[in-house]
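To find a chain, count down the sequence lines: A is the first, B the second, and so on, and within it residues start at 1.
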There are 2 protein chains.
Amino acid sequence: MKIGELSRRTGVPTRLLRYYEEQGLLHPDRTDNGYRDYAESSVQDVQQIRGLLDSGLTTEMIRTILPYLSGPDEILLPAEHLTPRTAALLQGHIDRIQARIDCLARNRDRLSAYLAAVRPEPDAEMVDR
Amino acid sequence: MKIGELSRRTGVPTRLLRYYEEQGLLHPDRTDNGYRDYAESSVQDVQQIRGLLDSGLTTEMIRTILPYLSGPDEILLPAEHLTPRTAALLQGHIDRIQARIDCLARNRDRLSAYLAAVRPEPDAEMVDR
DNA sequence: TCGAACCCTCACATCAGTGTGAAGGCAAGG
DNA sequence: CCTTGCCTTCACACTGATGTGAGGGTTCGA
């Protein structure tokens, strides 16, 4: 699939698809004429990248963890040459992600609590007034 | 408390404390000589802001939700003049935050699963070798 | 064969968040 | 009084993510 189609199917501007490639997040093939040729799975990859970027991860973090995020099923990864160094690095990323989750969840709860406290009138009048 | 102390206690450079004020996130008093005078609660406020920024929220989003995040206890807020418009806006923010959480949790799980799958040797040799 | 709609690279611009330094006022201690 | 260290504003610069446009090649249908 060419870049235009991938852009249409993901809603991500072509500019960004090229940028993600430049950042080492995508690795499309090239056809004879130099056009980028994306695999079908790129659609999911791009959505993955978008979600992580929106969640405050940098392209650098994403680049390092992306190889270990393929699918929920496939585990086609270099299990052997995973140095303790890399493992520790991954664990660090996990921790940072967890910290973000905690922070976001805490604030989501506060916002929800506020909304709930302020308007306890969902859709029908159940108390007299 | 003056800006230097707040900076020391939060680990956030004074430059950023001034920036957050410029963005409407902090509202310190001023002493006679023009120095910023922060309340004790500013320490928590700043940590709150940092967490949200790290989690990918913009200062604009933070500015709009911050008034509704005071403490877990206090609900000193303008409960009355909360227009349905604002409520919907808040709900939108909650939804976006939830989406981020989902995305992060999903990827955290994948990373954890990978690590767990790849090194099932915690600390002792339990199998012969 | 021509034009529309793709694709390419290159490069400058914008925005938010942040670093850094200049130029100067205020406060406290030797 | 003078130094030291805090504070003030102003302003320029950088980075990462993104927008936008110029200049030019490719594909395809009328």
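- Here the CD1 atom belonging to B:Ile97 is positioned 12.0 Å from the CG atom belonging to B:Asp102, to the nearest 0.5 angstrom.
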Q. Passes side-chain contact (heavy atoms from CB on, under 4.5 Å), A:Leu57 versus A:His93? Steps please.
A. CA-CA 10 Å; A:Leu57 276 65; A:His93 283 311; over 6 Å; no

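- Applying the salt bridge (Lys or Arg N to Asp or Glu O under 4.0 Å) test to pairs two or more places apart or on separate chains, those with a residue in residues 51-65 of chain B are B:Arg50-B:Asp54.
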Q: For A:Met1 and A:Arg8, run side-chain contact (heavy atoms from CB on, under 4.5 Å): C-alpha distance rounded to whole Å, both residues' side-chain angles, the deciding distance at 0.1 Å, then the answer.
A: CA-CA 11 Å; A:Met1 141 184 31; A:Arg8 254 169 272 124; over 6 Å; no

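- Residues forming a side-chain hydrogen bond (donor to acceptor under 3.5 Å, both in side chains) with B:Ser55 (at least two apart in sequence, or on another chain): none.
- Of the residues in residues 95-104 of chain A, not one comes within less than 4.0 Å of DNA chain D through any heavy atom.
- Residue pairs meeting the salt bridge (Lys or Arg N to Asp or Glu O under 4.0 Å) criterion with at least one member in residues 84-101 of chain A, sequence neighbours excluded, do not occur.
- Counting 5' to 3', DNA chain D first comes under 4.0 angstrom of a heavy atom of chain B and last does so at the ends given by D:dC6 to D:dA11.
- Taking atom NZ of residue B:Lys2 and atom P of nucleotide C:dA27, one finds them 9 Å apart after rounding to whole Å.
- Residues meeting the side-chain hydrogen bond (donor to acceptor under 3.5 Å, both in side chains) test with B:Gln47, sequence neighbours left out: none.
- Within residues 8-29 of chain A, the residues that have a heavy atom under 4.0 Å from DNA chain C are, in order of number, A:Arg15, A:Arg18.
- Separating the OH atom in A:Tyr38 from the OG1 atom in A:Thr10 is a distance of 9.5 Å, to the nearest 0.5 Å.
- Separating the CG atom of B:Leu52 from the P atom of C:dG17 is a distance of 12 Å, rounded to the nearest angstrom.
- Between A:Val12 and A:Leu6, every side-chain heavy-atom pair lies at or beyond the 4.5 Å cut-off.
- As rounded to whole Å, 16 Å separates atom C1' of C:dG17 from atom CE of B:Met61.
- Panel note: side chain B:Asp37, backbone B:Thr31; no donor-acceptor pair is recorded below 3.5 Å.
- Direction change of the helix axis from one end of the helix from C:dT1-D:dA30 to C:dG30-D:dC1 to the other is 10°, with five pairs defining each end axis (rounded to 10°).
- Hydrophobic clustering (ILVMFWY, side-chain heavy atoms < 4.5 Å, transitive): A:Leu16 and A:Tyr35 are in distinct clusters.
- Residues satisfying the side-chain hydrogen bond (donor to acceptor under 3.5 Å, both in side chains) test with B:Arg108, not counting sequence neighbours, are A:Gln98.
- Between C:dT18 and B:Arg50, a contact under 4.0 Å exists linking OP1 or OP2 to a side-chain N or O.
- Distance check: B:Leu90 CG to B:Tyr68 OH gives 5.5 Å after rounding to the nearest 0.5 Å.
- Looking at residues 31-41 of chain A, you'll see A:Asn33, A:Tyr35 sit with a heavy atom under 4.0 Å from some atom of DNA chain D.
- Pairs engaging residues 11-26 of chain B under the salt bridge (Lys or Arg N to Asp or Glu O under 4.0 Å) rule: B:Glu21-B:Arg30, B:Glu21-B:Arg36 [sequence neighbours left out].
- Residues that satisfy the side-chain contact (heavy atoms from CB on, under 4.5 Å) test with A:Ala39, not counting sequence neighbours, are A:Ser41, A:Ser42.
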